[in-house]
J.: 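Can you keep this structure in mind? I'll have questions shortly.
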Number of protein chains: 2
Amino acid sequence: MSSGTSAKVLSLSLNSLKVACSQCNLRELCLPFGLSSHEVHRLDSLIETRRKVKRGQHLYHAGDVFEAIYAVKTGFFKTDVLLEDGRDQVTGFQMAGELLGLDGISGDAHTCSAVALEDSEVCAIPFAELENLSSDIPTLQRHLHRVLSREIVKDHGVMMLLGSMRAEERLAAFLLNLSQRFLARGYSASEFHLRMTREEIGSYLGLKLETVSRTFSHFQDSGLISVQQKHIRIMNTEGLHQLIKQKNC
Amino acid sequence: MSSGTSAKVLSLSLNSLKVACSQCNLRELCLPFGLSSHEVHRLDSLIETRRKVKRGQHLYHAGDVFEAIYAVKTGFFKTDVLLEDGRDQVTGFQMAGELLGLDGISGDAHTCSAVALEDSEVCAIPFAELENLSSDIPTLQRHLHRVLSREIVKDHGVMMLLGSMRAEERLAAFLLNLSQRFLARGYSASEFHLRMTREEIGSYLGLKLETVSRTFSHFQDSGLISVQQKHIRIMNTEGLHQLIKQKNC
DNA sequence: TCTGTACTTTGATTTGCGTCAAACGGGTGG
DNA sequence: CCACCCGTTTGACGCAAATCAAAGTACAGA
C-alpha cells in the first residue's frame, strides 16, 4: 500500500518534469520543425508539463473544454467521434511527433476523444499561448498552418479510401501508411507491432473486424505479408502498392 | 471575332472590379467574421480582385501552385481529389461565404481541384499576405485557425458518414446539411435546387449514381421529400433526422 | 499456475449496394 | 421548333462485405 502510494508520488513528480522541445529528438517531426534554436527556446517556455496517459486511458473526451493541443512524445493514440445513436468511428491513429486535438480549435470543446493504445506521454501545448507566440514567429505561424492543412489533406485521403476503395485496397493503404510512418521515426518499415485491435482498424477503415481479419489472412496467403496476431511483417511492399493502383478490381 | 475580343476585355475589366469585404453581405459568414470595421478595411486591402468562374470551369487544378485561398462570393463549387488510377472523389461542395483551397496551405501546391457547378464569383485572398495580416490582428488569426479546424471537423463528419452509415442515412444527412447551409444564407431550408448531378452526389457520399437516384425515389415514396430532377422539397425534416439516428437499421 | 476474458480466426449464410441494361425526360444548340 | 445529348429513373442480377455462429488463442489477474 505505502509502496504503491510512494510510487504514485514518484510518478507525479515525473509527470511534472519539464521536457524541452530543444532537447527532444522528435523536434524535426513535431511543432518545432524549422525553428531557429532561439525560437525553439521560446516554444519551450510554453510547454509546461508532459503528461502520462496509461493504456486505455483518455487524454481528453469529446465535449471537454479545449485549452491545449498535444504532441505525442511516446506511445500511440487513437481518436474517435461518437454518433448520438451510440455508433462511433475511429478518425485516426497518432504516434510520436504527431499532434492531437486540432479539431478542438474550431470551438471551445473537443469534438472527438483521444485514447492511449499503449502507455504514452504527451506534451501539452496551451493553444492560446501558442497563437500568441506564432504571431511573433512567422516560421512557427507558417508551420502551424501547414500542420492544420496537412490534417485536412490527410482526411481527404481517408475520405477517398472510405468512399472509393475495396476492402483489400483499404487495408493495403493502411499498412503502407503505418509502415511509412514507422520508417520516418527510425523503426523498421517492414516489421512492426499493431497497437490497435482488428475492430479499431475496421472502424477506421469502414469495415467489420471479421473482414479485416479475413483480408489479413488473404494477404498472408498471397505472400504479401505475414501476420501473427498483432505482429506484422511486410514481405512485398510493391505488391501492396500494386493492389491499390489497379483500376477498380 | 472582334466582338468576341471586346467582350473578353469587358469581362476582364469586370473581373478586376474591387469588391470590399466591408461592403459584402457575406462578411458574417466569411473570413471577416468578428473583425472591427477598421480591421475589415485592412483585410479589404488584401483582396485585389474578384474572379468569375463559368459553370464547368476550374478555379484551380490539383498540382497548381498554391498562392491564395478563395472565398465564394456567388455560385457553387465542388472540390475533388484524383487517384493515380483515374478514380476521383468529390471531397466537398462549397457555397457563398465558404472558403476554397485550404488544403493547399500544407504544401506549395493544391491537392485537389475546384470546379464551378454554376457561374460563380470568388474573392482571391493571397495567403502569404493573409498570414502577415493575421499576425497583426489576433481576431483574424483566431478566426483563420477556427476555419481550418472547422474544416477538419467537417471532414470527420464525412468520414463518419462514409465509414458507418448506410445509403439512406448518408443521403438524409447530405440533404439536411445542404438544407441548413441554405437556411444560414437566407434561402429556404425546405426547398432548393441541387447544383450537382447524381453522380457527383454519389461520389461525395461513396455511392453509385443509381443508388442515389433509387434512394431519392424511396424518400419520395415515404413522403419524406419530393424530387423533381434537381428540385428538392423536404416534406418531413424530422423524418430525415430519425432515419439517421436509428441504430444500424 | 490456473482461469476468465477479450481478441482473433474461420465458416456458412444473408443482404445492400454495385453492375449492366434499357427507357425516359428535359434542357440546349442548331 | 425540333433533335440530340446528357442526366435520370427503373429493373434484373451478381458480388463483396455484413451478419451470425463457433472454435481457437493470448494475456491479465487471482
Side-chain angles (χ1 to χ4, degrees), chain A residues 4 54-57 78 87 89-90 115 117-119 161-174 193-222 225-232 243-244 246-249, chain B residues 54-56 78 87 89-90 115 117-119 161-172 174-175 193-222 225-232 243-244 246-249:
Chain A
K54 285 238 164 263
R55 175 182 171 163
Q57 278 187 341
K78 69 166 178 182
R87 277 179 287 183
Q89 178 156 351
V90 173
V115 183
L117 297 182
E118 61 183 28
D119 293 357
L161 185 145
L162 292 171
S164 59
M165 286 189 183
R166 301 158 8 81
E168 290 198 346
E169 298 175 298
R170 295 185 200 186
L171 204 61
F174 175 72
H193 215 77
L194 296 174
R195 269 73 172 182
M196 68 296 280
T197 66
R198 303 288 189 260
E199 187 170 19
E200 286 162 335
I201 297 173
S203 172
Y204 180 63
L205 298 178
L207 302 169
K208 291 292 151 183
L209 68 95
E210 294 94 330
T211 305
V212 173
S213 178
R214 266 186 253 276
T215 308
F216 272 142
S217 300
H218 292 161
F219 283 176
Q220 183 159 244
D221 295 346
S222 319
I225 64 174
S226 121
V227 199
Q228 231 162 342
Q229 300 291 127
K230 294 203 149 85
H231 187 84
I232 298 284
L243 222 155
I244 300 169
Q246 74 194 229
K247 203 174 201 122
N248 264 1
C249 30
Chain B
K54 287 237 161 264
R55 176 183 170 164
K78 70 167 178 182
R87 277 179 287 184
Q89 177 156 352
V90 173
V115 183
L117 297 183
E118 61 183 29
D119 293 356
L161 186 145
L162 292 170
S164 59
M165 286 188 183
R166 303 156 9 79
E168 291 199 346
E169 297 175 299
R170 294 184 201 187
L171 203 62
F174 175 71
L175 288 175
H193 216 77
L194 296 175
R195 271 72 172 181
M196 67 295 281
T197 66
R198 302 289 189 261
E199 188 169 19
E200 286 162 335
I201 297 174
S203 172
Y204 180 62
L205 298 178
L207 302 169
K208 291 292 152 185
L209 68 94
E210 295 94 331
T211 304
V212 173
S213 177
R214 266 186 253 276
T215 309
F216 272 142
S217 300
H218 291 161
F219 283 176
Q220 182 158 244
D221 296 346
S222 320
I225 64 173
S226 121
V227 200
Q228 230 161 343
Q229 300 292 127
K230 295 205 149 83
H231 188 83
I232 298 284
L243 222 156
I244 300 168
Q246 74 193 231
K247 206 173 201 122
N248 265 1
C249 29

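Letters A, B, ... mirror the listed sequences (proteins, then strands); counts begin at 1. Atom set for the values below is all heavy atoms of this structure, side chains included, hydrogens, waters and symmetry mates excluded.
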J.: Answer yes or no: is there a donor N or O on one side and an acceptor on the other, between the side chain of B/R170 and the main chain of B/L162, under 3.5 Å?
T.: yes
J.: Starting from P on D/dC27, measure out to CD on A/Q228 and report it in whole angstrom.
T.: 11 Å
J.: What are the two closest non-hydrogen atoms of B/G56 and B/V115, and how far apart are they?
T.: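 Reported closest heavy-atom pair: O-CG1, 3.7 Å.
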J.: Using a cut-off of less than 4.0 Å, is there contact between a side-chain N or O of B/K230 and OP1 or OP2 of C/dG26?
T.: no
J.: Can you confirm whether more than 12 heavy atoms, excluding those of B/E118, are under 6.0 Å from its CD atom?
T.: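 Result for CD/B/E118: enclosed.
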J.: Would you mind telling me which residue lines up with the more 5' stretch of DNA chain C, A/R214 or A/Q229, judged by nearest nucleotide?
T.: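 With A/R214 and A/Q229 compared, the 5'-side residue is A/Q229.
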J.: Can you see which heavy atom on B/K54 is nearest to which on B/D119, and at what distance?
T.: NZ-OD2, 3.4 Å
J.: Starting the side chain at C-beta, find the nucleotide from D/dT8, C/dC7, D/dT19 nearest to A/E210.
T.: D/dT19
J.: Does B/T197 put a side-chain nitrogen or oxygen below 4.0 Å from OP1 or OP2 of D/dC6?
T.: no
J.: Could you list, one pair per line, each protein nitrogen or oxygen that sits under 3.5 Å from a nitrogen or oxygen of nucleotides 15-17 of chain C, together with the distance?
T.:
residue, atom, partner, partner atom, Å
C/dC17, OP1, B/A167, N, 2.8

J.: In whole angstroms, how far is the C1' atom of D/dA16 from the CG atom of A/L171?
T.: 15 Å
J.: Hey, is CD on B/Q220 packed in by over 12 heavy atoms from elsewhere, all under 6.0 Å?
T.: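 Atom CD in B/Q220 is crowded, with more than 12 foreign heavy atoms closer than 6.0 Å.
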J.: Rounded to whole Å, please give me the gap between NE2 in A/H231 and C1' in C/dT8.
T.: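 The distance from NE2 of A/H231 to C1' of C/dT8 comes to 17 Å, rounded to the nearest Å.
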J.: Given atom NE2 of B/H218 and atom C1' of D/dT9, what is their separation to the nearest angstrom?
T.: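 Checked: the NE2 to C1' distance equals 11 Å.
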J.: Start with the C-alpha distance between A/L171 and A/I201, add both sets of side-chain angles, then the distance that settles side-chain contact (heavy atoms from CB on, under 4.5 Å), and finish with yes or no.
T.: CA-CA 9 Å; A/L171 204 61; A/I201 297 173; 3.8 Å; yes
J.: Rounded to whole Å, please give me the gap between CD1 in B/I232 and C1' in D/dT9.
T.: 14 Å
J.: Can you name the nearest heavy-atom pair linking A/F174 to A/M196, along with the distance?
T.: CZ-CE, 3.9 Å
J.: From CD of B/E199 over to P of D/dC5, roughly how many Å is that when rounded to an integer?
T.: 19 Å
J.: What is the separation between atom CZ on A/R198 and atom P on D/dA26, rounded to the nearest whole Å?
T.: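 Distance check: A/R198 CZ to D/dA26 P gives 12 Å.
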J.: Touch check for A/S213, heavy atoms < 4.0 angstrom, all strands: base, sugar-phosphate only, or nothing?
T.: base
J.: In whole angstrom, what separates A/R195's CZ from C/dC7's P?
T.: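 Rounded to the whole Å, the gap is 17 Å.
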